[in-house]
S.K.: 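One structure, as structure tokens, below. Some questions next.
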Number of protein chains: 2
Amino acid sequence: MKGDAVRGHLDALLLAALEQGPLHGYAIITAVQKRSGGVLELRTGTMYPALNRLERLGLLRSDWQSAGERRRRCYELTDAGRRALGEERTAWRELTAAIGAVLDPSPAPGPAT
Amino acid sequence: MKGDAVRGHLDALLLAALEQGPLHGYAIITAVQKRSGGVLELRTGTMYPALNRLERLGLLRSDWQSAGERRRRCYELTDAGRRALGEERTAWRELTAAIGAVLDPSPAPGPAT
DNA sequence: ACCTATATGTTGGCAGCCAATATATAGGCC
DNA sequence: GGCCTATATATTGGCTGCCAACATATAGGT
């Protein structure tokens, strides 16, 4: 997969990864990788700042889990995050429909043919 | 549609627009706009340099039509351009499948259930 | 002692798109 | 004649958002 593949859809991927329940950053990377069949690999330099940004926007909340184990920052969706995910899904469907229609145009139905 | 919507897929759109036959730049803009249901609007500052680049890469060839009419630069696909379009289509399907799988994960089928 | 996996982050760079601007012809309208 | 819009092509400068590289730390295997 060429670079910049997820450009413009990173937020959607992160929000979707957290939909089924809280995860920490490293687990998000592996979850996205697994769900995409190994195609999508989030970079730490891309993801961590993005998670921070989404938290500042109120779409995620995080808490540190340091007990016994290694320290982990666990993220979960807020209500606003769930709404944002819905909007991201809609935008994604619109975009794929639009680009798909250009890439594979359905033959224009002629009048009475 | 938010900005940068076509990011990373501009070449695919241009090649696809030229698949059914030669067009000049302005006609490509209107064709893409129409095919996408008005969603995608190519900017001149984006498209013309891209067309130039694709021609330098040997994926398009162009000729000026200045007879009588306004001058127009008409582009058409080369054989390499047709092959590139096929590759762009494949890449697009892979990308949409991968992102789609993350956005709308199908429930993992348990063994023998 | 060393490597790998786990885990989180920062910094600098740059590709690729956009807005704004420039130019030119043709046709309609007042 | 003067103005606006559509047609038609092109360049410039700027910014967004991702990436590679680096930095740090613990735990477990060999």
Side-chain angles (χ1 to χ4, degrees), chain A residues 1-15 17-18 22-34 36 39-57 60 62-75 88 91 95 98-99, chain B residues 1-15 17-18 22-34 36 39-57 60 62-75 88 91 95 98-99:
Chain A
M1 178 77 30
K2 73 179 170 184
D4 276 27
V6 306
R7 184 120 189 176
H9 313 291
L10 178 61
D11 293 3
L13 293 177
L14 296 177
L15 295 171
L18 293 169
L23 289 176
H24 60 279
Y26 196 82
I28 293 176
I29 292 176
T30 55
V32 167
Q33 194 172 8
K34 186 179 177 187
S36 69
V39 173
L40 300 179
E41 288 189 51
L42 303 181
R43 317 297 166 134
T44 67
T46 301
M47 185 191 61
Y48 287 113
L51 289 172
N52 227 295
R53 195 189 70 244
L54 292 175
E55 186 172 22
R56 279 201 312 278
L57 290 172
L60 303 179
S62 72
D63 71 308
W64 284 97
Q65 302 178 335
S66 342
E69 289 186 23
R70 276 191 224 73
R71 63 175 203 151
R72 287 176 172 177
R73 193 166 172 186
C74 211
Y75 293 89
E88 292 279 2
L95 179 67
I99 295 186
Chain B
M1 177 78 33
K2 74 178 170 185
D4 276 27
V6 306
R7 183 120 191 177
H9 312 292
L10 178 61
D11 294 2
L13 293 177
L14 296 177
L15 295 172
L18 292 169
L23 289 175
H24 59 279
Y26 196 82
I28 293 176
I29 291 176
T30 55
V32 167
Q33 194 173 8
K34 186 179 178 187
S36 69
V39 172
L40 301 179
E41 289 189 49
L42 302 182
R43 316 297 165 133
T44 66
T46 301
M47 185 191 61
Y48 287 113
L51 288 173
N52 227 296
R53 195 188 71 245
L54 292 175
E55 186 173 19
R56 279 202 311 276
L57 290 173
L60 303 179
S62 72
D63 72 308
W64 284 97
Q65 301 178 336
S66 342
E69 288 186 25
R70 277 191 222 73
R71 62 178 203 150
R72 286 175 172 178
R73 192 165 172 187
C74 212
Y75 293 89
E88 291 279 1
L95 179 67
I99 295 186

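By convention in this document, chain letters (A, B, ...) are assigned in the order of the sequence lines, proteins followed by strands, and residues within each chain are numbered from 1. Being a predicted model, the structure only gives us computed values, none of them experimental.
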S.K.: Grab the two heavy atoms, one from B/L18 and one from B/P22, that are nearest each other, plus how far apart they are.
M.R.: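 Reported closest heavy-atom pair: CD2-C, 4.3 Å.
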S.K.: Just compare C/dT8, C/dA19, D/dA27 and give me whichever is closest to any side-chain atom of B/R43.
M.R.: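 Side chain of B/R43 sits closest to C/dA19.
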S.K.: Looking at CG of A/L60 and SG of A/C74, how far apart are the two atoms once the value is rounded to the nearest 0.5 Å?
M.R.: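 SG of A/C74 is found 11.0 Å from CG of A/L60.
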S.K.: Take B/T30 and B/T44, find for each the nucleotide of DNA chain D with the closest heavy atom, and name the residue whose nucleotide sits nearer the 5' end.
M.R.: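 Closest to the 5' end, via its nearest nucleotide, is B/T30.
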S.K.: What nucleotide, of D/dA20, C/dT8, C/dC17, holds the atom closest to the side chain of B/R7?
M.R.: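 My answer, after comparing the listed nucleotides, is C/dC17.
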S.K.: In whole angstrom, give the distance that lies between atom CG of B/L40 and atom P of C/dC17.
M.R.: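 Whole-Å distance recorded here is 13 Å.
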S.K.: What does B/G45 touch in the nucleic acid at a heavy-atom separation under 4.0 angstrom: a base, only the sugar-phosphate, or nothing?
M.R.: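 Base contact.
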S.K.: Rounding to an integer number of Å, can you tell me how far A/R53 CZ sits from D/dG17 P?
M.R.: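 That distance rounds to 7 Å.
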S.K.: Does OP1 or OP2 of C/dT6 have a side-chain N or O of A/R71 closer than 4.0 Å?
M.R.: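 No, no such contact exists.
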S.K.: Might you point out which heavy atoms bring B/T44 and B/P49 nearest each other, and give the distance in Å?
M.R.: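 That would be O-CD, 3.6 Å.
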S.K.: In whole angstroms, how far is the C1' atom of C/dA7 from the CD atom of A/Q33?
M.R.: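 In whole Å, C/dA7 C1' and A/Q33 CD are 15 Å from each other.
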S.K.: When the distance from NE2 of A/H24 to P of C/dA7 is rounded to whole Å, what number comes out?
M.R.: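 Interatomic distance, NE2 of A/H24 to P of C/dA7: 4 Å.
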S.K.: What is the distance, to the nearest angstrom, from the CG atom on B/N52 to the P atom on C/dC17?
M.R.: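 Rounded to the whole Å, the gap is 15 Å.
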S.K.: If you define the side chain from C-beta out and look only at heavy atoms, does anything of B/E41 sit under 4.5 Å from B/Q33?
M.R.: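 In short, these two side chains touch, coming nearer than 4.5 Å.
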S.K.: For A/D63 and C/dT8, give me the distance from atom CG to atom P, rounded to whole Å.
M.R.: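 It is 12 Å, rounded to the nearest whole Å.
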S.K.: Can you tell me which nucleotide in C/dC18, C/dA5, D/dA8 comes closest to the side chain of B/Y48?
M.R.: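 From the listed options, D/dA8 comes nearest.
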S.K.: Should B/V32 and B/M47 count as side-chain neighbours, where that means a heavy-atom distance under 4.5 Å?
M.R.: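 A side-chain contact under 4.5 Å is absent here.
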S.K.: Between A/T46 and D/dC19, is there a contact of a side-chain N or O with OP1 or OP2 at under 4.0 Å?
M.R.: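 Looking at the OP1 and OP2 atoms of D/dC19, one of them is under 4.0 Å from a side-chain N or O of A/T46.
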S.K.: For B/A50 and A/C74, take the nucleotide of DNA chain C holding the closest heavy atom to each; which residue's nucleotide lies nearer the 5' end?
M.R.: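 Result of the comparison: A/C74.
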S.K.: Write down the distance between NE2 (B/H9) and P (D/dC18), rounded to a whole number of angstrom.
M.R.: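 It works out to 12 Å between those atoms.
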S.K.: Let's see if you can work this out: which of D/dA10, C/dT6, D/dT11 has an atom nearest to the side-chain heavy atoms of A/Y26?
M.R.: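 For A/Y26, the side-chain atoms sit closest to C/dT6.
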S.K.: Taking CE from A/M47 and C1' from C/dA7, how many angstroms apart are they, rounded to a whole number?
M.R.: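 Atom-to-atom, A/M47 to C/dA7, this comes out as 9 Å.
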